[in-house]
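First the proteins, then the strands, lettered A, B, ... as listed; each starts at 1.
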2 protein chains.
Amino acid sequence: MTTPPPPTWPGAFGAEPRRKRRALSRELIVETALKIVDTEGLDALNMRRVAQGLGTGAASLYAHVANKDELLALLLDRVYGDLSHPEPDPERWREQAKEYLTRQRDNLVAHGDLARAAMTQNIPTSPGALDAAETMLALLRAGGLPEQVCAYGVDVISLYVVATALEETSRKGPEGAPDQGQVDAYLGGIRSFFASLPPERYPLITGMAGPLTRNVGDERFEFGLDLLFDGLVAQAGRVYD
Amino acid sequence: MTTPPPPTWPGAFGAEPRRKRRALSRELIVETALKIVDTEGLDALNMRRVAQGLGTGAASLYAHVANKDELLALLLDRVYGDLSHPEPDPERWREQAKEYLTRQRDNLVAHGDLARAAMTQNIPTSPGALDAAETMLALLRAGGLPEQVCAYGVDVISLYVVATALEETSRKGPEGAPDQGQVDAYLGGIRSFFASLPPERYPLITGMAGPLTRNVGDERFEFGLDLLFDGLVAQAGRVYD
DNA sequence: TCTACTAGCGAACGCTGTTCGTGTCAACTA
DNA sequence: TAGTTGACACGAACAGCGTTCGCTAGTAGA
């Protein structure tokens, strides 16, 4: 039986600057790791590879980073931290939220399949992820939604964004931004697979192979966001003990 | 550059039964692996461990299973296959869908953190997952929703179910079903962490620590489902080229 | 009974995350 | 300026992983 450790964020919220001697530092490690994820994908990220990028050995990293999990958490926080946060305007909170979440997804997609790492850490405890959650809460509250709906809603929404980013990036090789031709080829493969299934068992999947694999710009992503916001507004009247 | 392989499902849809000699078979391997996941968690699942459970060596498994990824896919399909599928009734498609999805989630949760494996295979290609998708499509169509809304919607919904199951199971140790006390302890830890954050930077998170970590039965899960269905109905009028 | 084929399987390969013990340099003290 | 000290760097190794190789052995068909 493993009791989950209390969430902490080492060296944040009043951290002491570490004295450096030979240029190796936590920031440098994160930077190097991010470059590897961007160019070679998450699977290519291992401690030796990062160390090699810094001209040293893997063991040296452990002086600055507890383990690979912490490194991944730092990477995610670094990516989340790249976002600017809108000032909530009750008149147009929905557009603000859509714009913000779209940037959040683009930001994730821009860093290869890093979203896969975000998928496992379901509850945000890093500063960057907390900032994102705070921003979304502010936008939802600006929309006049009740507390509990905002609380539940922010969970569903951030889940959707990360999962969509993951879906987007897993449709291609691990290198850089998703190439439209590659995505089309992948989805085309899925489409013909769906269409080739036995129609007597899967009448709807075979019949709807086209709509199921439709990929027109951000339409799919925006559909999900509109769906979520409409749903949230519809749930606004719900009461909780 | 890695072109994704065309989706196949080895030995399904008209498969030939494999002749067995010493009792080792694909089904036995899947069964043993599932037992390990159930009792020791997904992280404890490795080829040597499965082989040991069958009184043999890891190499023997590769005669029946291409690799670990295929084994995971088989596990998931096995779990999805445990579900019975409702006959869509246009009068109560929503209740049917909620009931079906709840069973689907319970089914996943019952098998430890296997949901984590489901998270990465985003597009269903196994018979069991295809059955689930077909069922959901039928229910949504019974609700009178347009084709494209159903197509996009089934994606979002199955994503939500898997992610929720994952969230549920990752809140505890890897053994068996989630224990209420353990979940409460975990969420209590998160709650005090949220409450202990600097209020000037995170006024909403600190102020809403309670609602954010609320966990009353299936309320959270059902909230998400209601939200999704309300959103789908609201999107019903949308037109696509 | 003999032969051919195939599933079973021990051993090994290359990879991973992580730790240990030692080396080494920078900064403080006298 | 010379000596000391302690934190950092790092090569080497460990334990574990997925997977492959090539031999063994048992069964089905002639």
Side-chain angles (χ1 to χ4, degrees), chain A residues 2 5 10-11 15-34 36-37 40-76 113-114 116-117 120-121 174, chain B residues 2 5 10-11 15-34 36-37 40-76 113-114 116-117 120-121 174:
Chain A
T2 56
E16 79 294 1
R18 197 182 282 270
R19 192 173 39 131
K20 63 181 167 183
R21 192 172 61 168
R22 249 176 242 172
L24 207 55
S25 75
R26 212 213 274 252
E27 292 71 35
L28 245 174
I29 291 172
V30 170
E31 213 63 33
T32 309
L34 195 59
I36 293 171
V37 172
E40 306 173 46
L42 190 62
D43 285 332
L45 182 73
N46 60 61
M47 303 305 268
R48 281 175 234 267
R49 184 73 192 70
V50 174
Q52 179 191 317
L54 289 163
T56 180
S60 306
L61 306 179
Y62 286 85
H64 302 91
V65 163
N67 49 38
K68 196 188 178 184
D69 278 349
E70 188 181 292
L71 177 57
L72 285 174
L74 288 168
L75 279 174
L76 280 169
D113 47 355
L114 183 63
R116 217 173 56 215
T120 53
Q121 341 205 154
Chain B
T2 56
E16 79 294 2
R18 196 181 283 270
R19 192 173 40 131
K20 62 182 168 182
R21 192 171 61 168
R22 248 176 240 174
L24 206 55
S25 74
R26 211 211 272 254
E27 292 72 35
L28 245 173
I29 292 172
V30 170
E31 214 62 34
T32 309
L34 194 59
I36 293 171
V37 172
E40 306 173 45
L42 190 62
D43 284 331
L45 182 73
N46 61 62
M47 303 306 268
R48 281 174 235 265
R49 184 73 193 69
V50 175
Q52 180 191 317
L54 289 163
T56 180
S60 306
L61 307 180
Y62 286 85
H64 302 90
V65 163
N67 50 37
K68 196 186 178 185
D69 278 347
E70 187 183 292
L71 177 57
L72 285 175
L74 288 168
L75 280 175
L76 281 169
D113 47 354
L114 183 63
R116 218 174 54 216
T120 52
Q121 340 204 153

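A sub-4.0 Å separation between OP1 or OP2 of D:dA9 and a side-chain N or O of A:Thr56 is absent. In terms of phosphate contacts, A:His64 brings no side-chain nitrogen or oxygen within less than 4.0 Å of OP1 or OP2 of D:dC8. Phosphate contact (OP1/OP2 of D:dC10, side-chain N/O of A:Ser60, threshold under 4.0 Å): present.
Look at CG on A:Leu61: it is 11 Å from C1' on C:dG17, rounded to the nearest Å. At whole-Å resolution of the value, CD in A:Glu70 and C1' in C:dG17 are 14 Å apart. Summarising the geometry, the separation between CG on B:Leu28 and P on C:dA7 is reported as 16 Å, rounded to the nearest angstrom. Rounded to whole Å, the distance from CD on A:Gln52 to P on C:dC15 is 12 Å. A:Tyr62 places its OH atom 4 Å from the P atom of C:dT18, with the value rounded to the nearest Å. Atom pair B:Asp69:CG and D:dT19:C1' shows a separation of 12 Å (rounding to whole Å applied).
A:Arg26 and A:Leu74 get closest at one heavy-atom pair: NH1-CD1, 3.4 Å.
Of the listed residues (B:Val30, B:Leu71, B:Leu72), just one forms a side chain to side chain contact (heavy atoms under 4.5 Å, CB included) with B:Val65, and that residue is B:Leu71. B:Ile36 pairs with exactly one of B:Leu45, B:Leu42, B:Asn46 by the side chain to side chain contact (heavy atoms under 4.5 Å, CB included) rule, that one being B:Leu45.
Screening residues 46-64 of chain B for salt bridge (Lys or Arg N to Asp or Glu O under 4.0 Å) gives B:Glu40-B:Arg49 as the qualifying pairs, with residues at least two apart or on separate chains.
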Please write out the pairs of protein N or O atoms and N or O atoms of nucleotides 14-17 of chain D separated by less than 3.5 Å, giving the distance to one decimal.
| from | atom 1 | to | atom 2 | distance (Å) |
| --- | --- | --- | --- | --- |
| D:dC17 | OP1 | B:Asn46 | ND2 | 2.3 |
| D:dC17 | N4 | B:Arg48 | NH2 | 3.4 |

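Taking the side chain as every heavy atom from C-beta outward, B:Arg116 and B:Asp43 approach each other to under 4.5 Å.
Side-chain proximity of A:Ala59 to C:dC9, C:dT18, C:dC20: nearest is C:dC20.
Taking OG1 from B:Thr56 and CG from B:Leu28, the interatomic distance works out to 11.5 Å, rounded to the nearest 0.5 Å.
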